[in-house]
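I have placed the structure first, in the form of structure tokens, so that the comments after it can refer back to it.
Computed from heavy atoms alone, side chains included, the values below leave out hydrogens, waters and symmetry copies. Everything quoted here is computed from the prediction, not taken from an experiment.
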Amino acid sequence: MTEPPAPGVVLDVDGVPRGQAVLDALMRLLELEPLEVDLFRGVSPATSPVRVFGGQVAAQALVAAGRTVEPDRQVHSLHAYFIRGGDPSRPIVFRTERIRDGRSFSTRRVLAIQGGEAIFALSASFQLAQEGLEHSVPMSTGVPTPEELPSIGDRVVSGAGAAWIERVPRSLDIRFVDEPVWTEDRVATDDPLRAWMKADGRLPDDPLRHVCLLTYISDLTLLGSVVGRHDLSSTSVQMASLDHAMWFHQPFRADEWLLYECWSPAASGGRGLAQGRFFTRDGTLVASTMQEGLVRLPRRGSGG
């Protein structure tokens, strides 16, 4: 017999928890526990994969950096390396270094540690608001609106499936424009892979929370664009993030629809490079991403 949902929890059409309560749980996860000056501790959700999700540790590290910077300085870029796979059953300690506080910019470095070993390293730069030149590339035309596309729950109910996110509580609303890379009947394409994404609920007005959630979101589908250029499913390859970079161009809200457009310019040596862009519904480019990841094919002849 199926247990009723907890108070305040909404179930998606396929019975998986979604909505504000699930989003609030994720944001509490990103609110680190202060241990000492510039030292914080974070945890992973109870329903975690074998390793800590890369977007989670990146977002938590950015929170650790942001909590040491004056609120009038907003993050404009981050660069990070995934050093070791994290254990989701153990807490993560985040050690922040205050590298520099200048008149316009502040620089922070964060090391995420488990069991005395570094698992992730991040550098982030923050800036006072300033005026300057403005331009950006336009968003693709003819993209279906999110309301025209099936939700994750709709995909599951229809039999299309949603692979690794099928049974995970849904703090995010994700609508795939293009066929996801895990499906077996997809074909290779040199076009970008796109999806509309937003928090499945409302966030506070704190800009750092929106940037940190977008950092979390940015690791969800980016590396899949490497597989997207080949006639195979992502379920047949081993993938892991190696490094990650983001640049934030304009203010945005992560609880409003953003189109994430991902494309891979190169792959070789068991690695793939992916780049991404986030656009608002009105076509404004608000953030750019780059990531290199491990993309390994199954070994031939394994299993004797």
Side-chain angles (χ1 to χ4, degrees), residues 25-69 73-101 105-126 164 168 171-172 206-223 238-248 254 271 274 276 287 289-294:
L26 173 60
M27 299 313 294
R28 286 194 297 271
L29 193 78
L30 301 184
E31 287 297 323
L32 306 178
E33 175 191 359
L35 298 178
E36 196 34 276
V37 176
D38 299 344
L39 198 65
F40 306 86
R41 178 165 55 199
V43 296
S44 300
T47 53
S48 291
V50 177
R51 293 184 177 184
V52 174
F53 170 53
Q56 172 199 314
V57 70
Q60 289 175 323
L62 187 56
V63 169
R67 293 301 179 226
T68 69
V69 177
R73 300 189 176 205
Q74 303 299 321
V75 62
H76 69 88
S77 70
L78 63 86
H79 301 261
Y81 281 92
F82 297 89
I83 302 169
R84 293 181 176 88
D87 181 352
S89 68
R90 304 172 64 185
I92 306 171
V93 173
F94 296 88
R95 187 174 68 214
T96 304
E97 290 184 72
R98 304 186 186 218
I99 304 300
R100 180 176 183 267
D101 285 306
F105 292 87
S106 292
T107 305
R108 297 293 184 265
R109 187 160 55 208
V110 180
L111 201 61
I113 303 166
Q114 267 191 338
E117 294 185 322
I119 66 169
F120 178 83
L122 174 138
S123 294
S125 182
F126 299 75
W164 50 271
V168 178
S171 54
L172 307 172
D206 177 9
L208 181 62
R209 297 192 185 203
H210 292 261
V211 170
C212 289
L213 186 59
L214 195 70
T215 302
Y216 178 96
I217 291 171
S218 69
D219 194 39
L220 286 172
T221 60
L222 185 55
L223 197 56
Q238 177 190 357
M239 295 195 298
S241 304
L242 295 174
D243 60 23
H244 194 80
M246 295 189 74
W247 296 265
F248 303 97
R271 305 181 317 278
T289 60
M290 290 288 289
Q291 182 178 103
E292 187 176 47
L294 181 73

ask   = Going by distance alone, is a donor N or O of one side chain under 3.5 Å from an acceptor N or O of the other, for Ser123 and His79?
value = no
request  = Report yes if the side chains of Asp101 and Arg108 come closer than 4.5 Å at any heavy-atom pair, otherwise no.
outcome  = yes
request  = Provide the closest heavy-atom pair for Ala59 versus Cys212 in the form atom of the first, atom of the second, distance.
outcome  = CB-O, 3.3 Å
Closest non-hydrogen atom pair, Ile119 against Gly86 = CD1-CA, 4.0 Å
task = Starting at CG of Leu78, measure out to OG of Ser125 and round the result to the nearest 0.5 Å.
result = 10.0 Å
message = If we ignore hydrogens and angles and just use 3.5 Å, is the side chain of His210 paired with the main-chain N or O of Ala254 as donor and acceptor?
response = yes
inquiry  = So, taking the atom named CG in Leu214 and the one named CE in Met246, what distance separates them when rounded to the nearest 0.5 Å?
reply    = 4.5 Å
ask   = Nearest heavy-atom pair of Asp219 and Gln291: which atoms, and what distance?
value = OD1-NE2, 2.8 Å
note = Closest non-hydrogen atoms of Val110 and Ala65, given as atom of the first, atom of the second and distance, are CG2-CB, 3.8 Å
task = Check for a donor-acceptor pair, side chain of Ser106 on one end and backbone N or O of Phe126 on the other, with a separation under 3.5 Å.
result = no
Leu213 and Leu26, any side-chain heavy atoms less than 4.5 Å apart = yes
inquiry  = I need the Leu30 CG to Arg209 CZ distance, nearest 0.5 Å.
reply    = 9.5 Å
key: Closest contact, heavy atoms only, Gln56 versus Val43   = NE2-O, 3.4 Å
query = Is there a side-chain contact between Arg67 and Glu31, using heavy atoms and a 4.5 Å cut-off?
reply = yes
message = With a 4.5 Å cut-off on side-chain heavy atoms, are Leu220 and Leu172 touching?
response = yes
inquiry  = Give me the atom names and distance for the closest heavy-atom approach of Leu122 to Ala58.
reply    = CD1-O, 4.0 Å
task = To the nearest 0.5 angstrom, please state how far the CZ atom of Arg109 sits from the CG atom of Asp38.
result = 13.0 Å
ask   = Side chains of Phe40 and Gln60: closer than 4.5 Å at any heavy-atom pair?
value = no
request  = Nearest 0.5 Å please: distance from the CZ atom of Arg41 over to the CD1 atom of Ile92.
outcome  = 12.0 Å
ask   = Side chain of Gln114, backbone of Arg90: donor and acceptor closer than 3.5 Å?
value = yes
request  = Starting at CD1 of Ile217, measure out to CG of Leu222 and round the result to the nearest 0.5 Å.
outcome  = 13.0 Å
inquiry  = I need the full list of ring-ring contact (aromatic ring centres under 6.0 Å, His included) pairs touching residues 81-100, with sequence neighbours left out, sorted by first then second residue.
reply    = Phe82-Phe120
task = Indicate yes or no: at least one non-hydrogen side-chain atom of Glu33 is less than 4.5 angstrom from one of Pro91.
result = no
